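The model shown is predicted, which means the values in this text are computed figures rather than measured ones. Chain naming here is simple, since letters A, B, ... match the order of the sequence lines and numbering starts at 1 in each.
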There are 2 protein chains.
Amino acid sequence: MDPINALKAYYQQLNPSMTEEDWHFFQSVQRVRRVKKGEMIVKPGEVCNHVSFVAEGLVRYFYFNEGKEITADFCPENCYTSEYCSFLTRRPTMDYLEALEDSILVEMDYEGMQSLYSRGALFERMGRLIAEGLFISLSTRNSTLMTKSPEDRYNEFFEAHPQMFQRVPLYMIASYLGITPETLSRIRKRLTEKAKQNS
Amino acid sequence: MDPINALKAYYQQLNPSMTEEDWHFFQSVQRVRRVKKGEMIVKPGEVCNHVSFVAEGLVRYFYFNEGKEITADFCPENCYTSEYCSFLTRRPTMDYLEALEDSILVEMDYEGMQSLYSRGALFERMGRLIAEGLFISLSTRNSTLMTKSPEDRYNEFFEAHPQMFQRVPLYMIASYLGITPETLSRIRKRLTEKAKQNS
DNA sequence: AGTTTTTCTTGATTTGAATCAAGAATGCCA
DNA sequence: TGGCATTCTTGATTCAAATCAAGAAAAACT
C-alpha cells in the first residue's frame, strides 16, 4: 500500500470527523522517508525531532544499560514510533530507534506538529488522543513487567505478537520481556516439555 | 489556601492564556470534596470517574499483587490524582486511591471533562498537556525502576521527596521503590554506616 | 560449499533480593 | 499511662534469575 494512504487510513480511524481539507493540511507537514535495515533513526545525544508512522517495516526502540541493550518497544507497520519524551521535552535522548527491516516512514517534525496544533481543536484533540493512548500502553506494559512472572510475560507476548518470533531474534524479545536470553531459552524449553506431556 | 485558588494557581501556570471566562467555565464543572485519612477514593471494580486535584493532604495510588500491596504513586498537595487509565477507557480499575491524610480534593468528572473538551482548543490543549505530562512522568519512573539499583532508587527518592519520610510509613516507600521493607531497612542501615565512616 | 559471525542452548555457579522468623521500637487510643 | 497494634529491624535461609562458560545451530557472506 502507498505509505500516505496507510497513514490516511490510520487517522480516519482515529478521528472520523477529519475533513478532506484537514487531511490536506495534515499531509502538507508529512515527509516520506525510506530507511535501510540496521539504520539508526534516532541516536543518543540527539533531540528526537520527529514522530514517525511506520507504513512498512519494523522499528525498535532500545537503550543500553550496564553494557547490555534493552529493547523497550517494537513498532511494526501501522503504528507510530518516536522517542516521545525527548520529542516533547526537546531534550537529548539516551536511546536508539533502529530499523530492524527496510522500512518506509511517514514523518512529521516538531515544528510541523506545532503548526497542526495551532490550527485548532481537531488537531489538539488528535494530539491528546495520541498522548492518552501512549499513556495507556505504557501503564499496561508497566503493570505487566511489575506484576507478572517472566513465564506469564512470555506467554502474553506470544499470544499478542506471534509473528514477532519470525521477525526478530529471541534475544531482543528476551530483553523486551525483562529477562536474559538464557532465561528465555529455559522458559521455552520448559513450555515445550510441558506441551509434550499433554500429548 | 482556599482549594479553588490553589487549583487556579495550578492552571494559570499550566496555561497562562486562560481568560477569566475560561476559568469560570472550568470552575463550573469542579466540585470540592473532603476525605478523611484512610478513606478510599477509588476501589477495585469501580470505573474511576474523576480526576482529583489534591488541594490539601496526601493520596496514594496502590494495588495488590500476590497478596502484597504495591504503592504505585504518591500524590501530595498541588498535584492531580486519578486512576487515569480507568478514567480514559471507562473500564473498571483493579486499583485503589487512598487518602493517607485528611485531604481536600477538587474533582471533575468524566462528563465535565468532555464538556470542557467540546468547548474548544484551549481545553483540548490542556488535556493534551496533562496526558503528555503523565506520559513523561511514567516513562521516567519506568526507566528508573528498570535501570537503577534499589539503592540508587532509594537515594533518588530521598533527594526528590525528603518530606515523604515524615508523612508515610517506610513500607509504603519500599513498595514504591519496588523492594520489600526488609530490603529497604538494610539499604538504610548500609547508608548510615557508610555515612559514619566518612566522619 | 565453506567460512565466519550471529544467535541460541545447556549446564554449573553466583548473587541479590525475597521470604521466613522473631524480637524491638514506635505510635495510638481507651 | 498502660496495653495493643502497627511498623521497623535484624538474622538465617531460600530462591529465581543472572552470570559465567562453552558448545551447537543457524544465518550471512564470499
Side-chain angles (χ1 to χ4, degrees), chain A residues 36-39 58 60 62 64-71 74 96 98-102 144-158 162 164-196, chain B residues 36-39 58 60 62 64-71 74 98-102 144-158 164-196:
Chain A
K36 284 280 165 203
K37 175 173 176 173
E39 191 170 326
L58 178 60
R60 79 164 168 148
F62 76 99
F64 278 89
N65 183 237
E66 297 180 355
K68 282 176 284 277
E69 54 172 73
I70 311 289
T71 298
F74 295 109
Y96 298 80
E98 174 194 19
L100 292 181
E101 302 171 356
D102 292 355
T144 301
L145 276 169
M146 297 297 289
T147 66
K148 305 266 175 78
S149 69
E151 186 167 323
D152 288 349
R153 301 201 296 266
Y154 172 79
N155 283 323
E156 211 168 80
F157 184 84
F158 187 83
M164 274 303 180
F165 290 82
Q166 316 315 121
R167 297 176 76 177
V168 310
L170 287 173
Y171 75 85
M172 289 184 190
I173 293 175
S175 77
Y176 179 78
L177 297 176
I179 56 181
T180 59
E182 292 94 328
T183 298
L184 178 57
S185 183
R186 287 178 183 115
I187 287 172
R188 284 161 61 85
K189 194 185 183 188
R190 225 183 302 144
L191 289 174
T192 54
E193 276 166 8
K194 217 179 277 178
K196 255 184 230 157
Chain B
K36 284 281 167 202
K37 176 174 176 171
E39 191 171 327
L58 178 60
R60 80 165 168 147
F62 76 100
F64 278 89
N65 183 237
E66 298 180 354
K68 283 177 283 278
E69 54 171 75
I70 310 291
T71 298
F74 295 109
E98 174 194 19
L100 292 181
E101 302 172 356
D102 293 353
T144 301
L145 276 169
M146 297 297 290
T147 67
K148 306 267 176 80
S149 70
E151 186 167 324
D152 287 350
R153 301 201 298 264
Y154 172 79
N155 283 323
E156 211 168 79
F157 184 84
F158 187 83
M164 274 303 180
F165 290 81
Q166 316 315 123
R167 297 176 77 177
V168 309
L170 287 172
Y171 75 86
M172 289 184 190
I173 293 175
S175 76
Y176 179 79
L177 297 175
I179 56 180
T180 59
E182 293 94 327
T183 298
L184 178 57
S185 183
R186 288 178 182 115
I187 287 172
R188 285 161 61 84
K189 194 184 182 187
R190 223 183 305 143
L191 289 174
T192 54
E193 276 166 7
K194 215 179 277 178
K196 252 183 231 157

Who pairs with B/Lys36 by side chain to side chain contact (heavy atoms under 4.5 Å, CB included), at least two apart in sequence or on another chain? B/Glu39, B/Asp102
What is the ring orientation for A/Phe64 with A/Tyr96, classed by angle as parallel under 30°, tilted 30 to 60°, or perpendicular over 60°? perpendicular
Separation of D/dT19 atom C1' from A/Glu66 atom CD, nearest Å, is 12 Å
Parallel, tilted or perpendicular: which one describes the rings of B/Tyr154 and B/Phe165, with boundaries at 30° and 60°? perpendicular
Distance check, rounded to the nearest 0.5 Å: B/Leu191 atom CG versus B/Asn155 atom CG? 5.5 Å
N/O (side chain, B/Lys68) to phosphate O (OP1/OP2, C/dA18) under 4.0 Å: no
dist A/Met164:CE -> A/Phe157:CZ (nearest 0.5 Å) comes out at 6.0 Å
Approximate separation, where rounding is to 0.5 Å, of B/Arg190 CZ and B/Glu151 CD: 5.0 Å
Give a yes or no answer on whether the side chain of B/Thr192 reaches the backbone of B/Arg188 with a donor-acceptor pair at less than 3.5 Å. yes
Contact residues, residues 164-172 of chain A to DNA chain C [heavy atom, < 4.0 Å]: A/Pro169, A/Leu170, A/Tyr171
Separation of B/Leu100 atom CG from D/dT6 atom C1', in whole Å? 15 Å
Give DNA chain D the dot-bracket treatment, 5' to 3': Watson-Crick (N1-N3 with N6-O4 or O6-N4) or G-U (N1-O2, O6-N3) under 3.5 Å, [ ] crossing, | other strand. ||||||||||||||||||||||||||||||
Just jot down the salt bridge (Lys or Arg N to Asp or Glu O under 4.0 Å) partners of B/Lys148, sequence neighbours excluded, or say none. B/Glu156
Could you walk me through whether B/Glu69 and B/Arg60 pass side chain to side chain contact (heavy atoms under 4.5 Å, CB included), step by step? CA-CA 12 Å; B/Glu69 54 171 75; B/Arg60 80 165 168 147; 2.6 Å; yes
Rounded to the nearest angstrom, tell me the gap between atom OH in A/Tyr154 and atom P in D/dA16. 20 Å
Exercise: identify the closest heavy-atom pair between B/Pro150 and B/Ile179: CB-CG2, 3.8 Å
A/Phe74/A/Met172 under side chain to side chain contact (heavy atoms under 4.5 Å, CB included): CA gap, chis, key distance, verdict: CA-CA 9 Å; A/Phe74 295 109; A/Met172 289 184 190; 4.0 Å; yes
Once each nucleotide of nucleotides 25-30 of chain D is scored for protein heavy atoms under 4.0 Å, what B/S/- sequence comes out, 5' to 3'? ------
In whole angstroms, the gap separating P of C/dG27 from CD of B/Glu101 amounts to 16 Å
Heavy-atom pair with the smallest gap, counting every atom of A/Leu100 and A/Val168: CD1-CG1, 3.6 Å
Expected list for residues 180-190 of chain A near DNA chain D, using heavy atoms below 4.0 Å, is A/Thr180, A/Glu182, A/Thr183, A/Arg186
Report yes or no: does B/Ser175 contribute a side-chain atom to a donor-acceptor pair with the main-chain N or O of B/Thr71 at less than 3.5 Å? yes
